[in-house]
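Note sheet for the following structure.
As the structure is a computational prediction, the values presented were derived from the model and not from experiment.
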Amino acid sequence: MITGYYTIAAPGEGVYKDRSSSFLSYCFPVHNDDEVKTFLQQVKKAHPKCNHHCYAFRMKPDGSHYRSSDDREPSGSAGKPILGQLLSHQLTNTLIVVARYFGGSLLGVPGLINAYRSAAENGIENSKIIFCTVDVEVKLTFPYSLLNEIMQLLKNSAFRIVSEVYGDTVMLQIILPVESYQKFSDQLVVSSSGYQVTSEIISTSAV
């Protein structure tokens with residue numbers, strides 16, 4: 001299970017120029033397709049005279065949701081090189097849009113590939129890359145007599161309680177990093193004698 005991922009902390013910008021053509025890159029942290037559409041329209045509105053607004057994004061902790069667009073540039077000359085920079089820097093939950101101002105000279109496919117790749121790379125270089133953890137929401141059910149022991153196992157897990165019910169049986173709903181949950185589960189197995197704990201993952205989320 002993936003425990004974390006790299007993304008950018010805030011929007012960043014970059015630029016690359018070749019034979020009077022300017023390639024302006026804009027990097028955005030994103031979490032869903034609606035945000036992608038919003039930021040893409042934002043760049044188009046800022047540069048309405050650009051001939052092309054090419055982009056690529058990756059989302060989800062494992063980067064499994066991704067897309068790229070050449071926006072009328074020759075196939076594979078724009079979106080794919082931009083996506084390649086996201087892959088090269090191991091970034092996800094990130095969108096890069098590159099707006100091109102045509103300078104009058106044709107660059108050819110190799111020139112376009114280099115220009116879009118370089119613009120995207122410069123945008124990433126000007127962005128702050130951060131590491132984010134993947135959290136799980138877990139429901140724990142156990143006898144009240146085990147409360148102190150359970151809390152002791154959780155004490156270094158940076159967990160937070162979502163809901164709690166106390167009685168002869170305790171029900172805790174908590175959120176904690178995947179890595180901490182895995183360690184907690186391993187400790188439960190090692191200390192299993194006498195433990196009567198039900199552990200159920202409710203959801204997984206990136207923060």
Over 12 non-hydrogen atoms of neighbours within 6.0 angstrom of NZ in K17: no

Non-hydrogen side-chain atoms of E149 and F142 separated by less than 4.5 Å: no

Side chain of H89, backbone of Y6: donor and acceptor closer than 3.5 Å? no

Work out which heavy atom in G79 is nearest to a heavy atom in A56; give both atom names and the distance. O-CB, 3.7 Å

Is there a path of hydrophobic side-chain contacts, each under 4.5 Å between heavy atoms of I, L, V, M, F, W or Y residues, that connects I175 with V165? no

Using the rule that Ile, Leu, Val, Met, Phe, Trp and Tyr join whenever any side-chain heavy atoms are under 4.5 Å apart, tell me whether M151 and L140 fall into a single cluster. yes

Can you give me the closest heavy-atom contact between P177 and D135, atom names plus distance? CA-OD1, 3.4 Å

If only atom types and distance count, is the side chain of N126 paired as donor or acceptor with the main-chain N or O of G12 below 3.5 Å? no

Would you confirm whether T7, through its side chain, and T92, through its main-chain N or O, come within 3.5 Å as a donor-acceptor pair? yes

Note, L176 side chain near L154 side chain (heavy atom, < 4.5 Å): yes

Under a single-linkage definition using a 4.5 Å side-chain heavy-atom cutoff for Ile, Leu, Val, Met, Phe, Trp and Tyr, are I130 and I96 assigned to the same hydrophobic cluster? no

Any luck finding a side-chain donor-acceptor pair between Y26 and Q42 under 3.5 Å? no

Can you confirm whether the side chains of Y16 and N114 place a donor and an acceptor under 3.5 Å from each other? yes

Do F131 and M59 share a hydrophobic cluster, counting only Ile, Leu, Val, Met, Phe, Trp and Tyr and linking them when any side-chain heavy atoms are less than 4.5 Å apart? no

Please determine whether side chain to side chain contact (heavy atoms under 4.5 Å, CB included) holds for the pair V43 and F28, giving the CA-CA distance in whole Å, both sets of side-chain angles, and the decisive distance to 0.1 Å. CA-CA 11 Å; V43 174; F28 302 97; 3.9 Å; yes

Is the CD atom of Q90 crowded by more than 12 outside heavy atoms at less than 6.0 Å? no

Do the non-hydrogen side-chain atoms of H47 and V97 ever get within less than 4.5 Å of each other? no

Do V170 and Y144 have side chains that get closer than 4.5 Å, going by heavy atoms? yes

Minimum side-chain heavy-atom gap E35-L95 below 4.5 Å: no

Under 4.5 Å between any side-chain heavy atoms of V178 and T133, yes or no? no

For the pair T38 (side chain) and V36 (backbone), establish whether a donor and an acceptor sit closer than 3.5 Å, ignoring hydrogens and angles. no

Evaluate the side-chain proximity of Q182 to V136: yes if any heavy-atom separation is below 4.5 Å, no if none is. no

I82 CD1 to S118 OG distance, which is reported to the nearest 0.5 Å: 11.0 Å

F184 versus V138: any side-chain heavy-atom pair under 4.5 Å? no

Locate the shortest heavy-atom distance separating D70 from A78; write the atom from each residue and the value. OD1-N, 3.1 Å

Assess the pair H52 and F102: is the distance between their ring centroids shorter than 6.0 Å? no

According to the interplanar angle, ranging from 0 to 90°, do the rings of Y55 and F57 count as parallel (below 30°), tilted (30 to 60°) or perpendicular (above 60°)? parallel

Heavy-atom closest pair, residues K80 and G76: CB-O, 3.9 Å

D18 side chain to S21 main-chain N or O, any donor-acceptor pair under 3.5 Å? no

Main chain of P29, side chain of N93: is a donor-acceptor contact present, judged purely on distance under 3.5 Å? no

Hydrophobic cluster identity match, L40 and V30, side-chain contacts under 4.5 Å: yes

Using only heavy-atom distances, determine whether the side chains of S69 and D71 contain a donor-acceptor pair under 3.5 Å. no

Atom CZ of R58 and atom CG of L87: how far apart are they, to the nearest 0.5 Å? 5.0 Å

Can you tell me how far CZ of F23 sits from CG of L107, rounded to the nearest 0.5 angstrom? 5.0 Å

Roughly how far, to the nearest 0.5 Å, is CD1 of I129 from CD1 of I8? 8.5 Å

Which heavy atom in S77 sits nearest to a heavy atom in V109, and how many Å separate them? CB-CG1, 4.3 Å

From R72 CZ over to R100 CZ, what is the distance, rounded to the nearest 0.5 angstrom? 11.0 Å

Report the distance from atom OG of S180 to atom CD1 of I174, rounding to the nearest 0.5 Å. 9.5 Å

